[in-house]
Amino acid sequence: MKSKIYLIALLASLTVAPCVTVQAQKKANSKKEIALQLYSVREKIGSFNTATDNYSVDYTVILKEIAQMGYTGVEAAGYSDGKFYNRTPDVFKKVVEAAGLKVLSSHLSKPLSEEELASGDFSESLKWWDKCIAAHKTAGMTYIVIPGIGVPKTVKDLKTYCDYFNEAGKKCRQNGLQLGYHNHAHEFRKVEDKAVMLDYMIENTNPEYVFIEMDVYWVVIGDNSPVDYFRKYPGRFKVLHIKDHREVGQSGMVGFDAIFNHAETAGLKHIVVELEGATGTIEEGLKTSIDYLLKAPFVKSSYNK
C-alpha cells in the first residue's frame, strides 16, 4: 500500500514539475526590455555633441543607478574616433555590462560635405564607416543610428543622402549590424515644396539596410500620428524613441497606448527612453518614466523575441 502511494506521489511530481518549470521560465522571460538613451544624462557623462570631448568622469555609478531603476540597456551618444565616451569599445562594453545593462545601440553622425552633395560622390565619407562599424561591433552593438540631418536644400541632395545611407547600411549589414535614422520634427517639412522629407527617405532607402528609429514625441510635435506612419510604412520602425515633453506619460499628448497597441504593425523590436528635461531632477524623471512603462499594460515584454 505504501509503495502504491509513493508511486502515485512520484508520478504526480513528475507531471507538475515541468509545468512549474515552464511557468518559472515564462516569468523569467517576461521582463520588459527598456533601454535608455544616454543623452538623457549628458550633463553627468557628456555626449557626442558636447563642447568638450572630456569624458574622464567615472560614470559606472550612474549606469548602476539606471539599472537599479529598471532599465535593461543603453543607447550611447558619445562615439568619437573609435571610442565611446573616451573608452575603447571593449572597455565600454565591460563597464556597461558590469552595471547589469546591455549595449544596444549608438547615435553618431557623419554628414556629407557640400562638395560631396554637389558631386554625388560620397566615397570618401563612406570610408569613415569602416572604423566606425568595427568599433560598434566590438562594443556589442545591435544598431547604429544616425541622429538626424538638417533639411536638404534640394530633392537631389536628399536623394544623395538616401543613397549614402543605403551604402552605409549595406556595410553595417555585412558586419552583422543594422543602420537606423532618428527623426525630429523638421523631417515632416517638404523639400523644395515637393517631397515630405521623412516619407521620401523611407521610400528611397532599402528596408534591408535602413530602418527608422521613430521618435514618437517629435512625430506628434510635427503634427503627425505615429500610428498613421506605422500603417503607411509597416515594418520600418524597429526601434522607437519613447519621449514626452518631460518625463514619459507626463503630458498626455503622445498617445502611448495607441502606439504600443500597433507595435506589430510598426515592426517594433526595441524601445529606448530619452529625456531632454524633467519636472524635478533628471533622476526623478528617469524613475517616473521607467515606472510608467513598467506598469503600463500596453507595453509588452516580447518585442525583441
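Numbers here are sequence positions counted from 1. Since we're looking at a predicted model, the values are computed, not measured.
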Donor-acceptor pair between Tyr303 and His270 side chains, under 3.5 angstrom =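 No, no side-chain donor-acceptor pair sits under 3.5 Å.
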
Taking atom types as modelled and ignoring hydrogens, do the side chains of Glu116 and Ser125 form a donor-acceptor contact shorter than 3.5 angstrom?
->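 Result is yes, a qualifying pair exists.
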
Let me see the working for Val299 and Phe256 under side-chain contact (heavy atoms from CB on, under 4.5 Å), right down to the final yes or no.
-> CA-CA 9 Å; Val299 181; Phe256 292 110; over 6 Å; no

So, [X] side chain and [Y] main chain: donor-acceptor pair closer than 3.5 Å or not?
X      : Y      : value
Glu274 : His241 : no
Thr72  : Glu33  : no
Arg246 : Gly285 : no
Glu187 : His184 : yes
Asp121 : Ser123 : yes
Arg236 : Ile202 : yes
Tyr85  : Ala77  : yes
Asp215 : Asn183 : no
Lys300 : Pro297 : yes
Asn166 : Asn206 : yes

Quick check for you: to the nearest 0.5 Å, what is the distance between [X] atom [atom1] and [Y] atom [atom2]?
X      : Y      : atom1 : atom2 : value
Ile149 : Met197 : CD1   : CE    : 4.0 Å
Lys32  : Ile34  : NZ    : CD1   : 6.5 Å
Thr265 : Tyr233 : OG1   : OH    : 15.5 Å
Gln174 : Tyr209 : CD    : OH    : 7.0 Å
Ile146 : Ser106 : CD1   : OG    : 11.0 Å
Gln37  : Leu104 : CD    : CG    : 10.5 Å

Are Asn224 and Tyr229 close enough, and set up right, to give a side-chain contact (heavy atoms from CB on, under 4.5 Å), and what steps lead you there?
-> CA-CA 8 Å; Asn224 283 273; Tyr229 266 85; 3.8 Å; yes

Are [X] and [Y] side-chain neighbours, meaning at least one heavy-atom pair lies under 4.5 Å?
X      : Y      : value
Met214 : Phe230 : yes
Thr88  : Thr138 : no
Leu198 : Phe188 : yes
His136 : Phe84  : yes
Ile242 : Val216 : yes
Asp81  : Lys131 : yes
Ile144 : Tyr79  : no
Val239 : Ser105 : no

Heavy atoms of other groups near [X] [atom1], more than 12 under 6.0 Å:
X      : atom1 : value
Lys110 : NZ    : yes
Lys156 : NZ    : yes
Glu97  : CD    : yes
Lys171 : NZ    : yes
Glu264 : CD    : no

Provide the closest heavy-atom pair for [X] versus [Y] in the form atom of the first, atom of the second, distance.
X      : Y      : result
Val210 : Phe165 : CG2-O, 3.6 Å
Asn204 : Cys162 : O-CB, 3.5 Å
Cys132 : Leu108 : SG-CD2, 3.4 Å
Phe260 : Phe298 : CB-O, 3.3 Å
Lys243 : Trp218 : NZ-NE1, 2.9 Å
Ser40  : Leu275 : OG-N, 2.9 Å

Parallel under 30°, tilted from 30 to 60°, perpendicular over 60°: which one fits the rings of Trp129 and Tyr164?
->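 Ring orientation of Trp129 relative to Tyr164: perpendicular.
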
Can you say whether the rings of His245 and Tyr217 are parallel (under 30°), tilted (30 to 60°) or perpendicular (over 60°)?
->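 Geometry flag for Tyr217 against His245: tilted rings.
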
Could you check Met69 against Leu36 for side-chain contact (heavy atoms from CB on, under 4.5 Å), going step by step and ending with a plain yes or no?
-> CA-CA 11 Å; Met69 289 179 190; Leu36 178 69; over 6 Å; no

Taking [Y] as the starting point, is it possible to reach [X] by hopping between hydrophobic residues whose side chains are less than 4.5 Å apart?
X      : Y      : value
Ile133 : Val145 : no
Ile212 : Val196 : yes
Val95  : Val61  : no

Name the one of Tyr143, Phe237, Tyr181 that satisfies ring-ring contact (aromatic ring centres under 6.0 Å, His included) with Phe211?
->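 Single pass found, and it is Tyr143.
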
Check ion pair Lys287-Asp291 (N to O, under 4.0 angstrom) =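 A salt bridge is present here (some side-chain N lies under 4.0 Å from a carboxylate O).
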
Is the shortest side-chain N to carboxylate O distance from Lys44 to Glu283 below 4.0 Å?
->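 Judged by the 4.0 Å cut-off on N to carboxylate O distance, Lys44 and Glu283 do form a salt bridge.
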
Pair His107-His182, side-chain hydrogen bond (donor to acceptor under 3.5 Å, both in side chains): steps then yes or no = CA-CA 9 Å; His107 273 201; His182 169 276; 5.2 Å; no

Take Leu286 and Ile290 through the test side-chain contact (heavy atoms from CB on, under 4.5 Å) and record every step on the way to the result.
-> CA-CA 6 Å; Leu286 292 174; Ile290 189 68; over 6 Å; no

